[in-house]
Every structure is written in C-alpha cells, then in structure tokens.
Amino acid sequence: MIDRLEKEVDMLERHLQVLKMVIENEPIGIVKMSNETGYPHHKVRYSLRVLEEENLIEPSSQGAITTERTAEFVDELDEKLDDIVGKLDEMKIDDAVEVES
C-alpha cells in the first residue's frame with residue numbers, strides 16, 4: 001500500500017529536480033541533465049515530457065526553457081507540499097494505540 005506512494009514521491013522528486021535544473025541553467029539539454037543528476041536519459045526525457053505537459057517548461061533549439069507558468073508553480077509549491085505533509089502526519093497511527101495480534 002505504501003510502496004506506490006513511495007514510488008510516486010520518488011518520481012515527483014525527480015521531476016522537481018529536473019525542473020530546478022531547467023530554472024537554474026536554461027536552456028539545458030537531456031545529456032547535461034542526465035550527467036549532472038545521474039538519472040538515465042530516458043528518465044530525464046520522461047520528466048521533461050511531464051513538465052512540458054504541465055506547461056512548466058517548453059523545448060527550444062538549445063534545450064528546455066521555463067514558461068510564464070513556472071514562477072507561479074514554484075511560488076505555490078512549498079505551500080502545497082506543506083499541506084500534503086500535514087495530511088500524512090494526520091494519518092500516522094499513534095504509538096499509544098495498541099495493535100492486537
């Protein structure tokens with residue numbers, strides 16, 4: 001049950017790392033991102049596709065670049081992540097609760 005969530009969080013982490021690289025180094029290509037992150041080219045390419053579908057980046061002849069939507073997304077990101085962390089904290093089963101075997 002938790003395995004899927006862990007995989008999704010790992011994928012989100014990769015997507016955000018790729019987005020951060022685009023923001024800091026635009027324009028930037030797949031090869032450079034792959035070399036710097038250690039992710040294989042196909043995983044970087046997939047993250048770029050997801051980010052492009054969300055209108056957070058767009059392709060250019062020199063590599064990926066940000067869009068006008070990127071800044072707004074980044075501004076809202078921390079608050080959304082904090083909300084999710086709060087929800088996950090609420091899901092914890094308290095140590096005081098005894099589980100019957």
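Treat the numbers as computed from the prediction; the structure is a model and nothing was measured.
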Do the side chains of L5 and L88 get nearer than 4.5 Å, heavy atoms only?
yes

Could you walk me through whether L77 and L16 pass the side chain to side chain contact (heavy atoms under 4.5 Å, CB included) test, one step at a time?
CA-CA 10 Å; L77 180 63; L16 293 177; 4.0 Å; yes

Under the salt bridge (Lys or Arg N to Asp or Glu O under 4.0 Å) test, residues paired with K87 that sit two or more places apart:
none

Heavy atoms from other residues, nucleotides or ligands near CD of E68 exceed 12 (cutoff 6.0 Å)
no

Could you note down all residue pairs passing ring-ring contact (aromatic ring centres under 6.0 Å, His included) where residues 49-87 supplies at least one of them, sequence neighbours left out?
none

I65 with M21, same ILVMFWY side-chain cluster at under 4.5 Å
no

Set out, in order, the CA-CA distance, both residues' side-chain angles and the distance that settles side chain to side chain contact (heavy atoms under 4.5 Å, CB included) for T70 and V22, then state yes or no.
CA-CA 10 Å; T70 309; V22 174; over 6 Å; no

Shared hydrophobic cluster, L56 / L12 (ILVMFWY, side-chain heavy atoms < 4.5 Å):
yes

Looking at every non-hydrogen atom in both residues, tell me the closest pair between A64 and I57 and how far apart they are.
CB-CD1, 4.1 Å

For residues L81 and L19: do they belong to one hydrophobic cluster (side chain heavy atoms under 4.5 Å, members Ile, Leu, Val, Met, Phe, Trp, Tyr)?
yes

Between L51 and V18, what is the shortest heavy-atom contact and its length?
CD1-CG1, 3.8 Å

Honestly curious: do M91 and I84 fall in one hydrophobic cluster under the side-chain, below-4.5 Å linking rule?
yes

Can you pull the side chain to side chain donor-acceptor pair (under 3.5 Å) pairs that have at least one residue in residues 52-66, sequence neighbours excluded?
E26-T66

Please, which pairs that meet ring-ring contact (aromatic ring centres under 6.0 Å, His included) have at least one residue in residues 5-59, sequence neighbours excluded?
H15-Y46

For E76, what residues pass the salt bridge (Lys or Arg N to Asp or Glu O under 4.0 Å) criterion, not counting sequence neighbours?
K80

Contacts of D89 that satisfy salt bridge (Lys or Arg N to Asp or Glu O under 4.0 Å) - sequence neighbours left out:
K92

